[in-house]
Amino acid sequence: MVVSATRGQAGQIRDAAVGNRRTIAAVREGELRLACERLGVTRVRCLDHVDGTLADARFPALVDEVAEIICELRPDAVVTFGPDGGYGHPDHVTISAVTTAACRLADGAGHRPPRLHYRHFPSGDLLMMERLAAWLTSQPDRFAGTPAFAHALLLLAEAAGTMGHIRDHVQVRWYPPGSYVVEQGEVSAELFLILSGKADVREESDDGSLERSGRLGVGEFFGYRHPSADVVAASSLTCLVLSPAPPAKFAGRCPAGRTRERVRRGRERAGRCGRRHLRRVRPGDA
């Protein structure tokens with residue numbers, strides 16, 4: 001059985017089409033019940049506390065309420081958050097202390113005490129961008145996800161970052177039309193996923209002329225040792241950006257009048273390491 005002290009009504013609404021502040025409690029309870037059903041959990045109970053307020057509730061009353069449920073169900077084991085609340089959430093910290101005290105209270109009431117387990121959220125050393133790059137290069141054709149895929153990956157990256165399961169730094173960045181995202185000659189240390197808008201991929205020849213070699217749209221990746229080419233916002237562009245380190249507050253770029261030699265060296269560096277990770281956009285991929 002799963003027992004939730006709240007219905008998560010103070011949580012962030014990621015998709016306005018799913019619900020609003022008035023309906024989000026019912027939506028999140030429904031999601032919890034469906035997830036438990038898929039996992040084979042047959043009983044779910046949501047208590048009537050308001051999300052985000054447990055730390056201000058009367059602690060003894062909460063303990064009595066949870067102890068009554070434990071005495072009713074007589075479980076062999078109880079699993080709750082650790083004293084740190086998993087990742088510091090005040091409600092989680094509170095319910096950990098409440099459940100710990102409730103298990104002791106149930107023992108004092110003459111019932112066989114359940115085994116108490118704390119859920120631990122270990123910090124991970126996984127770089128999601130590395131895994132994604134390896135997966136992208138295993139595809140026979142250039143991958144292009146749907147808008148739903150891009151949205152799902154955004155939610156996954158943000159949640160995994162909050163929980164400490166990945167060590168990528170996760171950002172959402174906006175670029176106005178005509179702005180450079182990646183410049184030819186750079187070897188990007190960041191992986192970009194387009195959430196909305198389009199970007200042009202342009203290559204600069206030795207005589208300085210530019211040729212568009214492709215166009216990228218929602219659900220497509222670029223960057224992270226991308227083969228040497230300019231990536232320029234063709235429209236208002238929003239990207240999910242994964243990086244192994246916090247972005248520098250200021251990172252200078254070479255001036256617009258780059259020499260042919262600098263461009264050539266950038267091409268060589270990108271060519272040596274970039275082709276292992278992301279395929280270049282070919283004419284006709286637009």
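Note that the structure is a prediction, hence the values are computed from the model and not measured. Just so it is clear, the values below take in all heavy atoms, side chains as well, and ignore hydrogens, waters and symmetry mates.
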In the structure I gave you, are the side-chain heavy atoms of [X] and [Y] within less than 4.5 Å of one another anywhere?
| X | Y | answer |
| --- | --- | --- |
| Thr94 | Leu62 | yes |
| Arg167 | Leu127 | yes |
| Leu132 | Leu191 | yes |
| Val232 | Arg202 | yes |
| Leu237 | Cys239 | yes |

Using only atom types and a distance under 3.5 Å, with no angle test, would you say the side chain of [X] pairs donor to acceptor with the backbone of [Y]?
| X | Y | answer |
| --- | --- | --- |
| Arg28 | Gln9 | no |
| Asn20 | Thr23 | yes |
| Glu220 | Gly217 | yes |
| Asp168 | Val170 | no |
| Asp91 | Gly52 | yes |
| Arg142 | Phe221 | yes |
| Asp51 | Arg7 | no |
| Thr99 | Ile95 | yes |

Is there a path of hydrophobic side-chain contacts, each under 4.5 Å between heavy atoms, that joins [X] and [Y]?
| X | Y | value |
| --- | --- | --- |
| Leu193 | Leu126 | yes |
| Leu32 | Val79 | no |
| Phe143 | Leu195 | yes |
| Val172 | Tyr224 | yes |
| Leu242 | Leu156 | yes |

Exercise. Show the numbers, then the answer: is there a side-chain contact (heavy atoms from CB on, under 4.5 Å) between Leu47 and Glu65?
Key: CA-CA 9 Å; Leu47 307 184; Glu65 186 174 14; 3.9 Å; yes

Ignoring hydrogens and angles, state whether a donor on the side chain of [X] or [Y] is under 3.5 Å from an acceptor on the partner side chain.
| X | Y | answer |
| --- | --- | --- |
| Glu190 | His169 | no |
| Ser96 | Thr80 | no |
| Asp56 | Thr53 | no |
| Thr100 | Tyr118 | yes |

Exercise. Kindly indicate, with the supporting measurements, whether the criterion side-chain contact (heavy atoms from CB on, under 4.5 Å) is fulfilled by Gln184 and Glu203.
Key: CA-CA 7 Å; Gln184 185 167 318; Glu203 296 189 61; 4.2 Å; yes

Quiz item: Who are the side chain to side chain contact (heavy atoms under 4.5 Å, CB included) partners of Ala77, not counting sequence neighbours?
Solution: Arg115, His117

Exercise. May I have the step-by-step check of side-chain contact (heavy atoms from CB on, under 4.5 Å) for Asp230 and Arg212, ending in yes or no?
Key: CA-CA 9 Å; Asp230 291 330; Arg212 196 186 91 176; over 6 Å; no

[X] [atom1] to [Y] [atom2] distance, which is reported to the nearest 0.5 Å:
| X | Y | atom1 | atom2 | result |
| --- | --- | --- | --- | --- |
| Glu29 | Leu34 | CD | CG | 12.5 Å |
| Glu31 | Ile24 | CD | CD1 | 6.5 Å |
| Glu68 | Leu73 | CD | CG | 10.5 Å |
| Met129 | Leu240 | CE | CG | 11.0 Å |
| Glu158 | Gln171 | CD | CD | 11.0 Å |

Might you point out which heavy atoms bring [X] and [Y] nearest each other, and give the distance in Å?
| X | Y | value |
| --- | --- | --- |
| Ser235 | Gly197 | OG-CA, 3.5 Å |
| Leu54 | His49 | CD2-CB, 3.7 Å |
| Val218 | Ala150 | CG1-CB, 4.4 Å |
| Gly223 | Phe192 | CA-CD1, 4.1 Å |
| Leu105 | Ala67 | CD2-CB, 3.7 Å |
| Ile70 | Cys103 | CD1-SG, 3.8 Å |

Quiz item: Would you say Arg21 has more than 12 foreign heavy atoms packed within less than 6.0 Å of its CZ?
Solution: yes

Self-check item: More than 12 heavy atoms of other groups within 6.0 Å of Arg173 CZ
Solution: yes

Practice problem: Could you please spell out the steps behind the side-chain contact (heavy atoms from CB on, under 4.5 Å) verdict for Phe59 and Val98? | Solution: CA-CA 7 Å; Phe59 187 83; Val98 165; 3.5 Å; yes

Self-check item: Residues which pass side chain to side chain donor-acceptor pair (under 3.5 Å) with Glu72, listed by chain and number, not counting sequence neighbours
Solution: Arg45

Practice problem: Could you label the plane-to-plane angle of the Phe121 and Tyr87 rings as parallel, tilted or perpendicular, counting under 30° as parallel and over 60° as perpendicular? | Solution: perpendicular

Practice problem: Quick one: do Arg33 and Glu37 satisfy salt bridge (charged side-chain N to carboxylate O under 4.0 Å, His left out)? Show the steps, please. | Solution: CA-CA 6 Å; Arg33 292 183 181 278; Glu37 178 186 324; over 6 Å; no

Quiz item: Between Phe81 and His89, is the ring centre distance below 6.0 Å?
Solution: no

